[in-house]
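As C-alpha cells, the structure follows; a few thoughts come after it.
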Amino acid sequence: MKKDIKSLSYAELNSEIVTLGLPRFRSKQIFEWLHKYGVSSFDEMTNISKDLRKKLADIYFISDCEIEQKYVSKIDETVKYLFKLYDGEYVESVIMKYKYGYTICVSSQVGCKMGCTFCASALAGFKRNLEAGEIESQLHSAQKDLNIRISNIVLMGIGEPLDNYENVIKFLHNVNNENGLNISMRNITLSTCGIVPKIYDLMNEELPITLTISLHAPNDIIRSRTMPVNNKWGIDEVLEACREYINRTNRRVSFEYTLIHSVNDTYECAKELSERLHGMLCHVNLIPVNDVAERGNVKSSEENIYRFANVLKNNGINATIRRTLGSDINASCGQLRRKRNGVK
Ligand code: SAH
C-alpha cells in the first residue's frame, strides 16, 4: 500500500526524505509542490529529476479531490463543490466571496457520527475520517478551478473536526506552513458541536485560531433534544471549557445558534442564553435553520429572529444574524453528498 505524501507533516516529510538518503533541501522543494502549488502528480515537480520522481511515485501517492459537481450561485457567486475522493466517497466544500477575500468551508470527515437532528450530514451516515491531505486538497482543487487565492478557512463542512483530531491538527499546521499555502491561523475557524476533552487538547496546542461552538440551545433539556452529544457533555461543561479557552488564548469564542421555530427561538430562550453567556468574551451567530427534507424543522419568523438578537444585544451579548449565501445552490453542507448517495 502506498502512503499519502500530502498527509505528512513537514517534519514527517523531512525525516522520510532523510531516510531515503536524499538531501534535506529536497523536502522543502517537495513540500512546496504539494502544498503551495497543490500538484496532483509527481511529474509536475519539474525541479526534481525523473528518476527521483519515479522513486517517489513508487512509494507514495498524492491525495486529491476531484470535482464531481460544481454549482455557482446566481445570487452571490458562492460556489459549491461535490468532490470525489480516491475511494469513491464524496465530500462537499463551499467558497464564499467576502470583501476581505475568499473563504472556504471545508469538510473534515465523510459523514458524521454526531447525529444532530437538524443536520443533513448525519443523515447520510458516517464513513471515515479525511486525511490531512484530503482536507487540504479541497483548497487546492477550488483555487485551481476558480483561479483564486483563498485567504480564510472555516472547518464547518461535513463532519466533526474534533472527532478527527490528529488529522485536523496536521492540516492546520500544513496550510499555515510558509512553504505551503501560508494561511494565517488567525484566518482559520474551527467549529465543534462540543467534544469537551478535545477542546482542552486544542487549547494546549496554543494555535491562534477561532473556536466556534455549535450551541443551538440555552439549556440541556432543549439542547439534548437536537444534539445527542449534549448527553455526554452538557452546556455547563462546554461553557466551562470555553471560559478556559478564552483565558488561555485571549481569543473570543463564537457560538452558533440555529433558530428553529418554536424549538429554541422564544423570548425565554434568548433571556436564558444571555444569562448563561453573561460576562464572557464571545459572539453569537444567529442562523435561521436551513430546512433539510423530512427533518421538519421550520425556520423562525423574521420577527422572532430579530427579537432574539435584540434580547441578546440588550443584555450586552454581541450577536449578529448570519447572512445566507448560496441559498439557490443548497450551499449548506451535507446536502449534495446525500443526494449523491441516493436520498432525495
Ligand atoms: N460538526 C461541527 C461542524 C460542522 S456543522 C459543528 O457541529 O460545529 C457547521 C454548522 O452548521 C454547525 O453549527 C451546525 O450546527 C450548523 N448546521 C447544521 N445543519 C444546519 C441546518 N440545517 N441549518 C442551519 N445550520 C445548520
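All ligand and atom numbering here is 1-based and tracks the order in the structure.
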Exercise. With a 3.5 Å cut-off and no angle check, do the side chains of Arg251 and Thr210 form a donor-acceptor pair?
Worked result: yes
Exercise. What residues, two or more places apart in sequence or in another chain, satisfy side-chain hydrogen bond (donor to acceptor under 3.5 Å, both in side chains) together with Arg243?
Worked result: none
Exercise. Ala120: heavy atom below 4.0 Å from ligand 1, yes or no?
Worked result: no
For this session: Using modelled atom types only, decide if a donor and an acceptor are shared between the side chain of Asn230 and the backbone of Arg223 within a distance under 3.5 Å.
Result: no
Exercise. How does Thr258 reach ligand 1, by side chain, by backbone, by both or by neither, if only non-hydrogen atoms under 4.0 Å count?
Worked result: side chain
Problem set entry | Donor-acceptor pair between His173 and Ser9 side chains, under 3.5 angstrom | no
Exercise. Which bit of Thr192 is near ligand 1, meaning a heavy atom under 4.0 Å away: side chain, backbone, both or neither?
Worked result: backbone
Problem set entry | Any donor-acceptor N or O pair under 3.5 Å, side chains Asp265, Asn304 | yes
Problem set entry | Pair Tyr165-Glu205, side-chain donor/acceptor within less than 3.5 Å | yes
For this session: Considering the heavy atoms of His216, write down every atom of ligand 1 situated less than 4.0 Å from one of them.
Result: 13 (O), 14 (C), 15 (O)
For this session: Would you sort out whether Glu275 and Asn315 count as a side-chain contact (heavy atoms from CB on, under 4.5 Å), showing the intermediate values?
Result: CA-CA 8 Å; Glu275 282 155 20; Asn315 285 289; over 6 Å; no
Exercise. Does the N or O separation between Pro288 and ligand 1 drop below 3.5 Å for any pair?
Worked result: no
Exercise. For ligand 1, is there an N or O atom under 3.5 Å from any N or O atom of Leu155?
Worked result: no
Exercise. Going by the atom numbers of ligand 1, which of them fall below 4.0 Å from some non-hydrogen atom of Cys193?
Worked result: 6 (C), 7 (O), 8 (O)
For this session: Kindly identify the option in Ser121, Gly194, Cys119 whose heavy atom sits closest to atom 19 (N) of ligand 1.
Result: Cys119
Exercise. Which atoms from ligand 1 have a heavy atom of Gly157 less than 4.0 Å away?
Worked result: 4 (C)
Exercise. Distance only, no hydrogens: is a donor on one side chain within 3.5 Å (strictly under) of an acceptor on the other, for Ser254 and Asn285?
Worked result: no
For this session: Tell me whether the guanidinium CZ or amine NZ of Lys113 lies under 6.0 angstrom from the six-membered ring centre of Phe126 and within 45° of its axis.
Result: yes
For this session: Please verify whether a non-hydrogen atom of Met227 lies at under 4.0 Å from ligand 1.
Result: no
Problem set entry | Interfacing atoms of ligand 1 (cut-off 4.0 Å, heavy-atom, Gly159) | 1 (N), 2 (C), 3 (C), 4 (C)
Seminar exercise, completed: Any heavy atom of Met114 under 4.0 Å from ligand 1? The part involved is neither
For this session: Using a 4.0 Å heavy-atom cut-off, say whether Glu160 meets ligand 1 through its side chain, its backbone, both or neither.
Result: both
